[in-house]
Structure formats: structure tokens, C-alpha cells
Amino acid sequence: MSDSNQIQSACTPSKRAPTHRYRAALAARIEARWQATWEAEKAFAALNPGDEGFDASTPPFYCLDMFPYPSGAGLHVGHPIGYIGSDIICRFRRMQGDNVLHPMGWDAFGLPAEQYAIMTGVHPRETTQKAINNFRRQLQRFGFSYDWSREFATIDEDFYQWTQWIWLQAWSSWYDHRVERARPITELAAALERGEATVDKQGHLTWETGEPNIWNDLSDAAKSTVLDNHRLAYLGEQIVNWCPKLGTVLANEEVINGRSERGDHPVTRRPLCQWLFRITAFADRLLDGLKNLDWPESTLIQQTSWIGRSEGADLRFAINDFGGTLDVFTTRPDTIFGVTFMVVAPEHPLVESVLKSPTNGCDTDAIRAYVDTTRNRSDVERMADSKDKTGVSLGVTVTHPATGEPLPVWVADYVLMGYGHGAIMAVPGHDARDQAFAQRFGLSTNTVVSPPSGVDDPCWSGDGIAINSSSDALNIEGMTTAEAKAAVIHWAELGAHGCGRTSWRIRDWLFSRQRYWGEPFPIVHGPDGVHYPVSSEHLPVSLPDIDDYEPAENEDPTPLLGKVTAWINTTAGEAGVDPALLAPDTPVRREANTMPGWAGSCWYFIRYCDPHNKDAFVGADAEKYWLADGVDLYIGGAEHAVLHLLYARFWHMMLHDLGHLTSDEPFRRLFHQGLITSFAYQREDKSLVPVDEVDEDASTELATGEPVNRIIAKMSKSLRNVVNPDEIIAEFGADTFRLYEMYMGPLDASKPWNTRDITGSFRFLQRTWRLVVDEQDGSLLVREQPDEDVERLLHRTICKVGADIDKLAFNTAIAAMIEFVNAATQAGGLTADQLDRFSRILCPFAPHIAEELRSLLELDGLCALAAWPDYDDAMLHDDTIEIPLQVKGKVRGRITVAADADEATVTAAALSEPSIVDLLGGDEPRKVIVIPGKIVNIIP
RNA sequence: GGGCCCGUGGCGGAAUUGGCAGACGCAGCGGCCUUAAAAGCCGCAGCUCCAUAGGAGCGUGUGGGUUCGAGUCCCACCGGGCCCA
């Protein structure tokens, strides 16, 4: 600033912007001051049972944000929207007297830091720590009421030792389907020892008594194999998604259209021995548990379809000439009379048999050619072009079990080997894909289900009445779909043609990765091929340092940790195996795989309850207090609808069964915040133009003058429409930022960011400030006597804001506060008492300015810890109300009546209102509809 | 291909869940203040038409239906988004 300006300012103070106007610099001072105060006074530290000052009568409220993965790029304005919402709820509940647990931490293992390490050689721990520090700094500028004393990262050793411990719990357990819960594996061993359970030569477990029990004849290694086959964490051969480029296997969920979700590299399928979780054992409970959750409907639907329970039947068709049977799974056994052909997947063993010993009329060349071309197509491609079906006849037939008719067998790639038995019975009358196939190859169609009346669908796939459905062996004619299903299953079971079966889409969860930056498994491979756990007092198994992060890019999956031979090859004693299990000098090999990024997020919310506990993953008292009914409110993105939320539920159920947790569901209420999108500009040919190359007012491209259309897109670097919250806070302050994001629209809707709109929220705070503060000297300006209308409106605003916060409808709560401030400005100000109450309802939204206003009032204590103000019901309603009068649904006049006027009074008043009298022209109305307190509709 | 959600002024959105469509904010226009500008304050503001005040008609993606009354419920279609294949 130049000298002359200063002189002029000093001489003519009225020309100068007032020194105590609410602007960015003042907001920054206010925000720094109160953030420091909150920290110094530990205002948001949640008290645990046993802590000094803990009051058991205070209701607990656990509000959780999905913790972020701290990326090197820092926060953009989309990140905080959920955190602002949860902070408002937390501050509100705190003011209502709850003991609020509102923690924050870091999901810090994962691929990006490791890939950065591959490029730069910088240890992922270093990169991650830097990113964490930056995220923390950015988040703290918002004034969130987190209890930072509970902060941790999943890479901290005293956190991941318990992640490893929980994995060992799973490894040490099995699922008892008789009682539907997980139990310690030692109890299974004991039952086998006592002969309560028996095991046959194939290793199958039964609880039928009287079976010959071979358990006690087994070698120790064989016993251990039997137990291993029942553990909830087990080593199994599975077809995996192998990504040579990333040097790791990926979960199905991490593969999108045959490419890796991260990095978009090709993924192929191959069998591999991997650590798995037996999540399928919990499938029924994971499904049933959804019924009691207060979750968004769309997420419940997604989890339901992911688990994918389908009731149906396995049916058996005798293969002619070859012998043996072709087994299929179908959800519609009632359509058995509609089967006109069979289809097997190209990988089906029958195809190989046919090629080995072809029958007459079998074109082996065509079959081989077809199988070869389909082999390279992904499941996605195979399912996608449903319109253009391909396939080849196998030249064999099967016998229809109910009619005895021969049915041709085809091979086609729309049938997948991975689902059911890799074979289907085709019912072209009632399945769209089968119909398309039948039409393509001229196969016949039987209609066997009559749709409900009014439906005219040549390929009805819904329920109906069975028609054309009888033979000497089976008659289901006239039955409903449900009856027919039951009848066919009953018939099939009696005649050994099949049995009823529930099939699941969910598969066991692949839980090992060949990457470096993850939790090591706390288990070693003994010389006898048996696994030995690292005993819990030797946890964590620390991740060793390595020099070279580059994965071996080859066809043979090798874990990165396999390179650290000195760490891999050790002794039982060195690794921490219980000497009672294995002599300390026994050479052992450590497990070289690491856990996937999901591991820490499966239980981090449990650790927040008791983050510094050295003896347990959570203390029993803290767990019972905070998690008796799960997390009260969980806010996070809908992109985690299936994976994270399903995995966390699985761990929670397992730990519950084993007696470590009170509740069996982790998250009672779930809320998904919407995405913050951005405006982007599109040329006529739909190509996108970066925002900084566009004249936004004229809607033209700067370089060419060509017109562009404004569209809504995700924020992205390439469009240069990413907004950094640091800049917005510097320009307007954190309170304005918080208000703006909450005022944009409903929290669960996706909404476009528009920097221009922020000024509205900023001006609201300026008006609020000016309403009660002298902009020249900063002193408080309040009136002595309250304005009657303002007082009435204040009661309504308190009521509305409180109700809206409960509904997470922050946008309308803020609109109500703006209306209040505008009305109070017009009415000439507030009393000190009114300002006190208003600052308290403003506090959850704009906590810093609220504290500042409270301190100007010289009231004791922090606004953040003050009680939520009361309102008087009597002040919410007026004595008289105006009611619109409609004639045939159009408003034609209004009357003012007492709020509690009865129907007759309102009718009389309405019919004597001049404009209504006019319109009726002396005739009696045919009908008068009075909705008390709302509207009158007159039908002439 | 399937599932779920959503289409309201120039823009973001509101609407007590079937009862006055467009709250509140942005942008816009007019006025006050100012030498001027910014800021601020006061006011106008869905569209079309007639018009001096004022009035009439049309309006929540399109078409139909239910209802005294539909942005809201039902059916079909069009468009967009998300998720899953």
C-alpha cells in the first residue's frame, strides 16, 4: 500500500473501508483465535469410561467419517463436503448434551505411494507421511471438531499389529453352520477328537453320528490339512485376476472391464494359491443383516445383488452316448417343460470329451475353432453382445428327465464357466438370451408360463401359471410359479434328477497381494508344509525395508517381499512362533504376500474407541460404551457401497461371534454425501475445452470465438476445473466455505461447484456481523427491547434449524438463518439475549464467527459447548392465518381467519368473499372442499 | 444389457410429502448513497399477451391417466447421472 493512500485514509476515515468489517483478514484472525482456543481447552476430546470427568448418564453419539487416503495431490473442494456435514451434526449433538465421538485418521497403505516409490525410489512411508501432514493441515483449517488425540494411520505399527491379530483370529476360527456363527478352530478339533464330528476320506465334515471316524487315524499333517480347510482365513487355489504390469493379483472388485481399476492395465485370469477369507460362510447373515440397517436404499440393493442369493435347483440331464450327466443350475425349475436345448460354456469338460471322442454329426473343427476364439474374450465381452449370439452344436443330446425327449447340446460363450455349473437348460420361451440364441440358430420354443392377464410378452420372464407342463412322469399344469418350483424340486429329489439349491454370487474374498506397501501376514511356513501363527506378543510382524520397489513383471507371480531373503528365511524363534508349537531353531519361511488396502478400513472405527490401548485391539468398556449398537452415523461416498462396507460388516460379524464385539453390525445408520462436480465447456462436436480457455460470460472459446455449451463434469486436472480449498479459505474464510458447501443443495445430491456463488454465503456472514457489530470500532451493537416479530421469527428459526439438522437438510436450515438475519436487519437489530440464541444455532455451521459473537457478549464458556437454545411452541404459530380460495383448482381469492376456525366458519367466510361471490354469480356451489388451515376449493 | 436415482426460471436450488410452484442465494435490472467507482442499502424480477393503473392465459422434460386439487401418485416415452454386468 502506498504512503499517499495511508495519509488519505487517516485524514478521511469515512472514505476508508471500515476496520471492523467482516472480510477475509478478519475472518482469518477470528478463525485462528478460536481454533487455538479449542485446541488449548481440548474442547472436543470425547471422554471414555474410566476417564476423569466421564459421566455415564451422558448419551454417547459416535459419528464417523470415512477416513481419507492421503494422496500427494492434497484435498480438493469435493473432499470436505461430507466432513462439514458430519461436523455440523456432531456440534449440534454436543450442544444437545451428547458425549460425541468424532475421530479422524488415515487410510495409508495402498498402491499410489508404492507406485510413486517405483518411479522415484522414495520410501512409501515418507511419501505417505508427507501427504498425511498436508491433509491434516488442510482439514484443520476448517475448524472441524475432531478429537485429534485419537488420530492414527493404518501404517502405524501399533495399529497394524492389531490388524494382523484380527487376521489371526480368522485363521484360528471356523464357521459352524449348525449354530450359524464363527467359533475357535480348537473347538472343532476337540469335537473331532471326541468323535462328535467325523471326517471322511475326502476330508468332508459331518455331524451325523454312526459314520466311521477316521480322524484319530490321521497323521498330524493330515489333521492339520483338515482343519486348514475349515479356517475362515485359508490358503486356497483360486482363479485369480493376475495383472502382470502391477505384479499382483487383484480382487474381482478391482478389475473393471478386464483392466485394473488402478492404472488401467490388462488383467488375465489364472489359477493361483492365495490367502482367502471364507466370507461365503456369512452370506446368509450378511444378507439378513441388511434388513435392520438405516442405510440408503440404493446401497442396500447393491449389497443384496452383490451377495446374490438365488433360490433354485440343480437338475441332472443324462447325456446320451457318452453316459454321465449334464448338471445345470436354474432359478426356474418350474420351466422344465420349456427346455428345448442345452448350452455349455466353452470351458465345460463335456466340450473336451466331445473333442476327444467325437460322435457322428459332430463338427470337431468348428467346435475347436469356436472354443479357441472365445478363449481370449473376457467375461464382460461375452455377456455384453447379447444381441448377436454365437455358438456351435456339440452334436450330442441329453434326455429330458420328465419327457424322455432328446435335447441338443450347444456350446456358446454367453454361458460362463464361473457361474453355476457352466451349463444351462435353455428355455427360449421365457429367457431373453435363450430366445435370442434359439432365433439365431432356428431352435424350437415352448411356452410354458402363462403371464398374468393384461401382459402380452412373447418372452415373459416373470411369474405366472404353468401351461403345457405335463408328462407321464410329472404334472405341474395350472400351478403358480411358486407351487411349480416346489413341485419340480420335490419330483427331482424323489427321482434323483436333482435337488433344490441356493446359489450365491458372492465368492470367497481374495486377501493377499504381491505388493510391498501393506500389512505382512503374521504366519510362517514350517518345513513340514504346515502353517504356524506368530504369537500375539510378537506382533506386529514389521514390514521390512527394501531398496527396489519394482515388481518382477513376469507371468509368474512373485511377491515383492520375496526379494528380502534374509527376512523371508528365518527361524521359528526369530519369527515369534510359540515354542510349544515349533522348536525355536526350526528354519521357517515367512509369508511374503501382504494384505490388500481394505484391511485397515475393515476395523479402524473400532480402534478410534480406544486408540492407545496396548493390551487389546479395543478395551471392553470402551467398546460397550461406543459400539453397543454400532456406529450411530457413518458418512462417506457411495463408491464404497459394496466393497468396504461389506468387508467391514464381515470382520465385525466374525469378531462379534468370537466374543470380541457387542454388536453384530458395524454401521447402524449410513449416509452418502453427493459428489461435487464442476462446470466444463463443450464444443459443438462434444470435445471438451479447459475452463481457462473459455469466456464464461459469452460462452465462447477464447482462442476461436466458437460457441461452447456449459455442461457438468467431474473435476479433473485435464479440464483445469479442480478447486483447491486453501485458496477459497484464504479469500473468504473457513466459515464461508463451510456455509457455501452446505448451502449448495441437499447433502446427498451431486452439485456443481460455482465459485461465483460463494459470495452469497460470505455476504450472509457480513450482514450477520454488521447487524450486531459496529464496523468502525468493533463494539457490540444491541438494542434493549426486543422487536416482537423478530422474537417470534427467532423461535421459528431455532425450531426449523434444529429439525433440519436432524434430517441433514443443511441447505434449508441456512436459508432460514439468512431469512432471520434479513428480517432482523430490517427490524433494526437484536437484543443481546437474541444474539446469544442466534449465535448458538449458527455455531454448528459457522463455528468461528459464532464464538466471536459470543465473546463480544462476554458470556462464559465456549459457544461450541453451550446448550442448544429452546423455543416456545406458542411462538411458532400465528393467531390468524390467510387461506387461499380456489375455484376449480385455481386461486381466485384469499380470506384471513382464526387459525383454529372450524370448517363451517371457513366455508361461510369463503363463500362471502367478494371475488368468489362474483364468480359464483348467485348460484350455490356444488361442492366446497375445506382443508383446515390450508386451502379451500370450491366447485361451482 | 440390467438395477437405482434424477429432469422445476439465465444458474444452484425450495415446496410442511397430494393443498398458494419458484423460499433462500448467484447472476440481472432500477433507485439511493458517492465527484466517480467499489462496497452497502432499498426495490423489481417464471413466460406470453392485452394494457395506464391492472388484468388474462400458459407454465415443474414429453404424452396420457387417477383426483375437488398433481412438481409430488400411476403408465408410456425422451434426456441425464450413478452402480453392476
Side-chain angles (χ1 to χ4, degrees), chain A residues 14-18 21 23 252-253 255-258 296-306 308 378-387 414 416 419 432-433 436 454 461 505 637-643 672 674-675 677 679 696-697 699 710-714 739-741 743-746 748-764 766-767 770 775 800 803-804 807 809 811-822 825-826 882-894 925-940:
Chain A
S14 62
K15 292 269 167 74
R16 224 172 79 185
R21 174 161 291 172
R23 288 187 306 187
N252 284 333
E253 301 84 315
V255 181
I256 292 165
N257 296 344
E297 195 59 35
S298 63
T299 300
L300 294 175
I301 289 167
Q302 282 180 56
Q303 289 223 349
T304 303
S305 61
W306 188 265
S378 70
D379 287 2
V380 180
E381 284 177 310
R382 288 166 53 166
M383 300 288 283
D385 24 305
S386 51
K387 290 212 176 65
Y414 79 96
L416 303 177
Y419 188 76
R433 288 164 307 177
S461 60
R505 205 190 78 106
E639 67 274 17
H640 294 112
V642 180
L643 309 179
H672 296 309
L675 210 62
T677 55
F679 292 126
E696 298 198 48
D697 289 317
S699 284
R710 189 163 86 169
I711 58 157
I712 288 172
K714 281 187 186 174
L739 276 170
Y740 169 63
E741 285 211 346
Y743 188 58
M744 289 171 78
D748 57 357
S750 87
K751 316 162 273 272
W753 176 271
N754 190 358
T755 301
R756 191 182 271 184
D757 284 350
I758 299 172
T759 180
S761 300
F762 190 49
R763 289 209 280 244
F764 163 56
Q766 280 186 329
R767 277 200 303 279
R770 189 158 46 233
E775 292 195 318
K800 164 102 179 135
D804 281 356
K807 291 187 291 185
N811 53 332
T812 48
I814 293 168
M817 289 189 289
I818 294 174
E819 281 182 83
F820 175 77
V821 168
N822 291 348
T825 301
Q826 291 218 316
E882 195 184 61
I883 296 182
L885 305 176
Q886 294 183 328
V887 176
K888 288 206 297 188
K890 283 192 191 303
V891 178
R892 300 294 181 180
R894 300 167 182 283
R926 278 197 292 140
K927 202 171 177 187
V928 178
I929 294 143
V930 178
I931 308 298
K934 288 199 169 151
I935 206 160
V936 178
N937 197 1
I938 297 158
I939 317 301

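All figures in this text were calculated on a predicted structure; none of them were measured in a lab. All chains are named by letter (A, B, ...) in the order of the sequence lines, taking the proteins before the strands, and each is independently numbered beginning at 1.
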Expressed as a whole number of Å, how far does the [atom1] atom of [N] sit from that of [M]?
N     : M     : atom1 : answer
B:U66 : B:C74 : C1'   : 7 Å
B:C6  : B:C73 : P     : 9 Å
B:G59 : B:A21 : C1'   : 10 Å
B:A15 : B:A23 : P     : 12 Å
B:A14 : B:G22 : P     : 15 Å
B:A37 : B:C32 : C1'   : 16 Å
B:C41 : B:A56 : P     : 36 Å
B:C20 : B:C77 : P     : 31 Å

RNA chain B stem ranges, 3 or more consecutive Watson-Crick or G-U pairs under 3.5 angstrom: B:1-7 with B:78-84, B:10-12 with B:24-26, B:28-32 with B:40-44, B:46-50 with B:54-58, B:61-65 with B:73-77
Quick one: list whatever passes salt bridge (Lys or Arg N to Asp or Glu O under 4.0 Å) with [X], sequence neighbours left out.
X        : value
A:Asp757 : none
A:Lys800 : A:Asp804
A:Arg767 : none
A:Glu297 : none

Toward the 5' end of RNA chain B, by each residue's nearest nucleotide, A:Thr825 or A:Ala638: A:Thr825
Measure the distance from [atom1] on [X] to [atom2] on [N] and round it to the nearest whole Å.
X        : N     : atom1 : atom2 : value
A:Ile814 : B:A23 : CD1   : C1'   : 14 Å
A:Arg505 : B:C83 : CZ    : P     : 15 Å
A:Leu885 : B:C20 : CG    : P     : 13 Å
A:Arg21  : B:G40 : CZ    : C1'   : 6 Å
A:Leu643 : B:C82 : CG    : P     : 18 Å
A:Ile938 : B:G19 : CD1   : C1'   : 14 Å
A:Leu675 : B:C82 : CG    : P     : 8 Å
A:Asp748 : B:C82 : CG    : P     : 16 Å

Expected output: side-chain A:Ser305 to main-chain A:Gln302 donor-acceptor under 3.5 Å: yes
Tell me every residue that passes side-chain contact (heavy atoms from CB on, under 4.5 Å) with [X], counting only those two or more places apart in sequence or in another chain.
X        : result
A:Gln766 : A:Arg21, A:Tyr22, A:Arg23, A:Phe762, A:Arg763
A:Ile935 : A:Pro884, A:Gln886, A:Ile931
A:Thr299 : A:Trp295, A:Pro296, A:Ala641, A:Leu645, A:Leu670, A:His672
A:Pro746 : A:Asp748, A:Ala749, A:Asn811

Collect all protein-nucleotide pairs involving nucleotides 65-69 of chain B in which both atoms are nitrogen or oxygen and the distance is under 3.5 Å.
| from | atom 1 | to | atom 2 | distance (Å) |
| --- | --- | --- | --- | --- |
| B:C68 | O2' | A:Asn937 | ND2 | 3.3 |
| B:C68 | O2 | A:Asn937 | ND2 | 2.7 |

Among [options], the nucleotide that comes nearest once only the side chain of [X] is considered:
X        : options             : result
A:Gln826 : B:C41, B:A27, B:G43 : B:G43
A:Arg756 : B:G25, B:C84, B:A27 : B:A27
A:Trp306 : B:C84, B:C41, B:C20 : B:C84

Summary of protein contacts for nucleotides 3-17 of chain B, nucleotide by nucleotide, where a base hit scores B, a sugar-phosphate-only hit scores S (4.0 Å, heavy atoms): SS------SBSS---
To the nearest 0.5 angstrom, please state how far the [atom1] atom of [X] sits from the [atom2] atom of [Y].
X        : Y        : atom1 : atom2 : value
A:Ile883 : A:Arg894 : CD1   : CZ    : 11.0 Å
A:Ile758 : A:Met744 : CD1   : CE    : 8.5 Å
A:Ile818 : A:Tyr743 : CD1   : OH    : 4.0 Å

Chi class for B:U52: syn within 90° of 0, otherwise anti: anti
Torsion-based syn/anti label for B:G81, 90° from 0 as limit: anti
OP1 or OP2 of B:A27 under 4.0 Å from side-chain N/O of A:Arg763: yes
Side-chain heavy atoms of A:Ile929 within contact of A:Val936, under 4.5 Å: no
Sugar-phosphate, base or nothing in reach of A:Arg894, heavy atoms under 4.0 Å: base
Sugar-phosphate, base or nothing in reach of A:Ser761, heavy atoms under 4.0 Å: nothing
Partner set under ring pair (Phe, Tyr, Trp, His ring centres under 6.0 Å) for A:Tyr740, not counting sequence neighbours: A:Trp753
